[in-house]
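Notes follow the structure.
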Amino acid sequence: MGVDEAIASLRAVRHYTGVPVPDDLVRAWVDVARWCGSSKNSQPWRFVAVRDRTALVALSAFGEFAGHLATCDVALVVIATPAPYQFSLAFDLGRISQCLMLLAHQEAIGSCVAVFGPHDLVVAAGEVVKAPPAWTAHLAIGFGHPGPQDRPADDLQRVSPPNRLVTEQLLFWDAVPEDATDAVR
Ligand SMILES: Cc1cc2nc3c(=O)[nH]c(=O)nc-3n(C[C@H](O)[C@H](O)[C@H](O)COP(=O)(O)O)c2cc1C
């Protein structure tokens with residue numbers, strides 16, 4: 001799979017078959033994703049791979065849309081160091097998460113982010129994985145072989161076609177034109 005296809009065909013997968021994802025595969029994803037850039041090369045991330053079903057079910061209650069963690073095969077809980085700039089931290093965590101999900105996708109393993117919150121639930125998620133003091137568990141990524149509901153069709157669309165803006169609504173040259181109000185409202 002080329003980079004173009006990998007990016008365009010990556011969809012959130014929230015239903016899983018239960019077939020195990022090998023530990024070696026998870027380790028290999030982290031071994032590649034660790035080359036991801038980060039603000040001032042701070043690498044503000046660590047990953048806790050969780051397979052224990054009781055822990056996964058607990059984590060699934062720590063976000064409004066985290067239910068898929070209860071049934072995934074393995075979740076990577078992304079714990080983060082305190083960072084001076086919230087923007088950089090969020091950017092870095094998003095970037096590393098996308099790397100991990102693309103690497104899984106390349107192996108036909110589905111994934112979906114789960115954001116934890118509000119803050120007391122971020123703390124609770126950190127407690128499940130015994131995050132060191134000052135480290136925060138903002139999110140986890142659930143992984144698993146895609147269940148029938150989430151399998152790709154023959155083209156880039158899946159059962160639930162993604163709704164995306166078209167390029168003309170996204171890309172402007174030199175300045176946003178005044179007649180682009182439909183695109184930027
Ligand atoms: C920052 C971020 C947070 C997300 N949080 C959740 C979440 O908590 N639960 C969930 O089911 N999906 C979550 N998603 C997945 C998005 O809902 C999904 O990517 C979006 O609806 C587009 O669908 P697609 O990825 O299948 O194309 C998150 C995605 C991003 C980028």
Side-chain angles (χ1 to χ4, degrees), residues 1-18 21 29 33 36-39 44-50 53 55-81 83 85-126 128-129 131 136-167 169-170:
M1 190 188 292
V3 174
D4 297 27
E5 188 191 347
I7 291 171
S9 65
L10 179 67
R11 300 275 77 78
V13 171
R14 303 181 179 89
H15 302 91
Y16 312 99
T17 61
V21 175
W29 299 336
C36 178
S38 57
S39 173
W45 46 62
R46 303 290 185 275
F47 313 99
V48 184
V50 178
R53 193 56 56 192
L56 289 171
V57 170
L59 290 168
S60 75
F62 297 154
E64 188 177 358
F65 303 105
H68 56 283
L69 295 181
T71 54
C72 72
D73 184 62
V74 58
L76 282 181
V77 177
V78 182
I79 59 172
T81 51
Y85 305 112
Q86 284 304 307
F87 171 77
S88 297
L89 181 63
F91 188 97
D92 291 345
L93 296 185
R95 201 173 169 198
I96 191 80
S97 298
Q98 182 78 352
C99 288
L100 290 163
M101 292 190 291
L102 285 169
L103 287 159
H105 184 43
Q106 180 178 250
E107 304 288 343
I109 305 293
S111 64
C112 184
V113 171
V115 170
F116 300 128
H119 181 71
D120 56 328
L121 298 182
V122 173
V123 173
V128 167
V129 297
T136 42
H138 294 286
L139 73 131
I141 310 169
F143 295 92
H145 292 269
Q149 305 93 321
D150 280 340
R151 284 208 187 116
D154 290 340
D155 58 20
L156 291 182
Q157 307 282 307
R158 288 187 188 252
V159 178
S160 286
N163 181 12
R164 293 293 199 267
L165 299 176
V166 297
T167 306
Q169 294 172 294
L170 298 169

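Atoms within a ligand are numbered from 1 in the order they appear, just like the ligands themselves.
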Inset, instruction - Mark the output for Ala114 as yes if a heavy-atom distance to ligand 1 is under 4.0 Å, and as no if none is. - result: yes
Inset, instruction - Could you check Phe47 against Ile96 for side-chain contact (heavy atoms from CB on, under 4.5 Å), going step by step and ending with a plain yes or no? - result: CA-CA 11 Å; Phe47 313 99; Ile96 191 80; 3.6 Å; yes
Inset, instruction - May I ask you to check if ligand 1 and Ala66 share an N or O to N or O distance below 3.5 Å? - result: no
Inset, instruction - For Ala12, counting its heavy atoms only, list the atoms of ligand 1 lying under 4.0 Å from any of them. - result: 24 (P), 25 (O), 26 (O)
Inset, instruction - Examine Leu10 against ligand 1 and note whether any of their N/O atoms are separated by less than 3.5 Å. - result: no
Legend entry - Proximal atoms of ligand 1 relative to Arg164 (non-hydrogen, under 4.0 Å): 22 (C), 24 (P), 27 (O)
Legend entry - Nearest atoms (heavy-atom pairs only) where Thr17 meets Pro146: CG2-O, 3.3 Å
Inset, instruction - Please work out whether any backbone atom (N, CA, C, O) or any side-chain heavy atom from C-beta onward of Cys112 is under 4.0 Å from ligand 1, and answer side chain, backbone, both or neither. - result: side chain
Inset, instruction - Grab the two heavy atoms, one from His138 and one from Ala80, that are nearest each other, plus how far apart they are. - result: CD2-CB, 4.1 Å
Legend entry - Minimum heavy-atom distance Cys72-Tyr16, with the two atoms named: CA-CD1, 3.4 Å
Inset, instruction - Measure Gln98 to ligand 1 on non-hydrogen atoms and call it side chain, backbone, both or neither using the 4.0 Å cut-off. - result: neither
Legend entry - Heavy-atom closest contact (Ala131 atom, Ile79 atom, distance): CB-CG2, 4.1 Å
Inset, instruction - Go through the steps for Ile141 and Met101 under the test side-chain contact (heavy atoms from CB on, under 4.5 Å), then give the verdict. - result: CA-CA 8 Å; Ile141 310 169; Met101 292 190 291; 3.8 Å; yes
Inset, instruction - List the steps, then state whether side-chain contact (heavy atoms from CB on, under 4.5 Å) holds for Val13 with His105. - result: CA-CA 10 Å; Val13 171; His105 184 43; over 6 Å; no
Inset, instruction - Check whether any heavy atom of Glu64 sits under 4.0 Å from an atom of ligand 1. - result: no
Legend entry - ligand 1 atoms in contact with His68 (distance to a heavy atom under 4.0 Å): 9 (N), 10 (C), 11 (O)
